[in-house]
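The block underneath contains the structure these notes are about, expressed in structure tokens.
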Amino acid sequence: MRNHLVAELKTKGITDENVLRAIAKVPRHLYLDSSFEAHAYQDKAFPIGANQTISQPYTVAIQSSLLDVKTGDKILEVGTGCGYQTAVLIALGAKVYTIERQLELFKKTKLFFQQMPYRPKKMIYGDGYIGCAGQAPFDGVIVTAGAPQLPQALLKQLRLGGRLVIPVGEGNTQLMHKYIKTATTKFSKSLHGEFRFVPLLEDKEGLN
Ligand code: SAH
């Protein structure tokens, strides 16, 4: 089923062989609630609790390709969710620092990572809008929620040559943006199509 998903992603235009290999490796069905397991290898988003969704495989593939991950790269992920995108980055050879703002999801996914072979370097409960200055600079930063505006802190935390991949937009849809740090305060920017994400929210959220 995983190979079938990879074939589908190829027909949709994903060409990055490393990313396709990583997606072929990671057992997406384990990251979903068992009620959705049967659909895990369809190219669709699904609920993961706490009003959040696991990103569609196509979106994971695009963002991972744009991030241009090399083995050993230090990557910051904003929006851990169920940890599927995290696992794909780890399968690509990255050392991943991942931030989640919802305590419920943070706790659930932290326990889950302990049972899985793909584990991040560090999982942080906090507001990814401000990034993670303590661990900066990063080779790449990936944001898996839609940002109304570009969080400046995330640009600052890139090393020279580092990439930021982030969906930006205030309405229901966002445009995928990629920034590359070309000098201390200089960035090149490119756009990569329209997507629909849950919103990137500021501040942490605890248990109600
Ligand atoms: N990569 C995840 C996508 C989850 S949806 C997956 O594949 O499962 C986006 C996630 O971003 C949600 O879990 C949401 O709680 C989280 N999020 C939103 N705003 C955030 C912020 N400011 N800091 C950290 N996480 C945030």
Side-chain angles (χ1 to χ4, degrees), residues 5 9 19 22-23 26-33 36-37 39-67 69 75-92 94 96-113 116 118 120 122-135 138 140-154 157 164-170 172 174 176 195-208:
L5 172 64
L9 293 174
V19 168
I23 287 178
V26 179
R28 188 171 187 254
H29 62 283
L30 300 179
Y31 292 78
L32 292 167
D33 284 342
F36 295 106
E37 233 174 56
H39 306 289
Y41 296 102
Q42 293 174 5
D43 188 19
K44 286 187 183 156
F46 288 103
I48 53 171
N51 281 326
Q52 302 302 326
T53 52
I54 180 172
S55 297
Q56 191 181 335
Y58 176 75
T59 308
V60 171
I62 287 276
Q63 287 200 279
S64 303
S65 307
L66 290 171
L67 201 58
V69 180
I75 303 289
L76 176 67
E77 178 191 35
V78 175
T80 316
C82 71
Y84 175 69
Q85 170 76 75
T86 322
V88 170
L89 295 171
I90 296 165
L92 278 166
V96 182
Y97 295 75
T98 184
I99 310 182
E100 174 56 55
R101 70 177 285 280
Q102 282 208 11
L103 191 56
E104 185 188 334
L105 267 177
F106 172 81
K107 287 184 169 171
K108 189 173 151 190
T109 305
K110 193 168 182 159
L111 277 178
F112 177 69
F113 277 141
M116 296 299 293
Y118 302 103
K122 199 167 181 186
M123 195 181 167
I124 302 145
Y125 168 53
D127 179 7
Y129 206 92
I130 55 172
C132 185
Q135 296 290 346
F138 296 98
V141 177
I142 175 171
V143 180
T144 70
Q149 290 102 26
L150 181 69
Q152 293 300 320
L154 300 182
Q157 292 172 21
L164 167 64
V165 176
I166 180 169
V168 183
E170 282 189 280
N172 285 331
Q174 296 84 32
M176 192 62 73
F195 292 83
R196 193 177 290 261
F197 281 83
V198 296
L200 180 73
L201 301 169
E202 290 191 56
D203 297 330
K204 293 192 275 194
E205 185 175 308
L207 292 172
N208 298 314

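Treat the numbers as computed from the prediction; the structure is a model and nothing was measured. Throughout, residue positions are numbered sequentially from 1 according to the sequence presented. Side chains included, hydrogens not; waters and symmetry mates left out as well; all remaining heavy atoms used. Atoms within each ligand, like the ligands themselves, are counted from 1 in listed order.
- Contact atoms of ligand 1 toward Val198: 5 (S), 9 (C) (distance under 4.0 Å to a heavy atom of the residue).
- Contacts between Arg101 and ligand 1 below 4.0 angstrom, taking non-hydrogen atoms only, involve backbone and side chain alike.
- Counting the atoms of ligand 1 from 1 in the order shown, those under 4.0 Å from a heavy atom of Gln102 are 15 (O).
- For ligand 1, the atoms closer than 4.0 angstrom to any heavy atom of Tyr129 are 22 (N).
- Taking every non-hydrogen atom of Glu77 and a distance limit under 4.0 Å, the qualifying atoms of ligand 1 come out as 1 (N).
- Two rings, from Tyr31 and Phe112, have their centers less than 6.0 Å apart.
- Counting all heavy atoms, side chain and backbone alike, Glu205 lies closest to Tyr125 at O-OH, 3.1 Å.
- Val60 does not count as a contact of ligand 1, since none of its heavy atoms falls under 4.0 Å from the ligand.
- Applying the side-chain contact (heavy atoms from CB on, under 4.5 Å) rule to Leu9 yields the partners Leu5, Ile14, Leu20, Ile23, Asp43, Pro57, Tyr58, Ala61; only residues at least two apart in sequence or on another chain are considered.
- In summary, the atoms of ligand 1 found under 4.0 Å from a heavy atom of Leu105, numbered by their order in the structure, are 13 (O).
- Side-chain polar atoms of Glu77 and Thr98 form a donor-acceptor pair below 3.5 angstrom.
- At a cut-off of 3.5 Å, with distance as the only test, a side-chain donor of Gln85 or Ser64 sits close to an acceptor on the other residue.
- Residue Gly126 approaches ligand 1 through these ligand atoms, each under 4.0 Å from one of its heavy atoms: 23 (N), 24 (C).
- The contact set between ligand 1 and Gly128, taken as ligand atoms under 4.0 Å from a residue heavy atom, comprises 21 (C), 22 (N), 23 (N), 24 (C).
- Atom numbering of ligand 1 starts at 1 in the shown order; those under 4.0 Å from a heavy atom of Gln85 are 1 (N), 7 (O).
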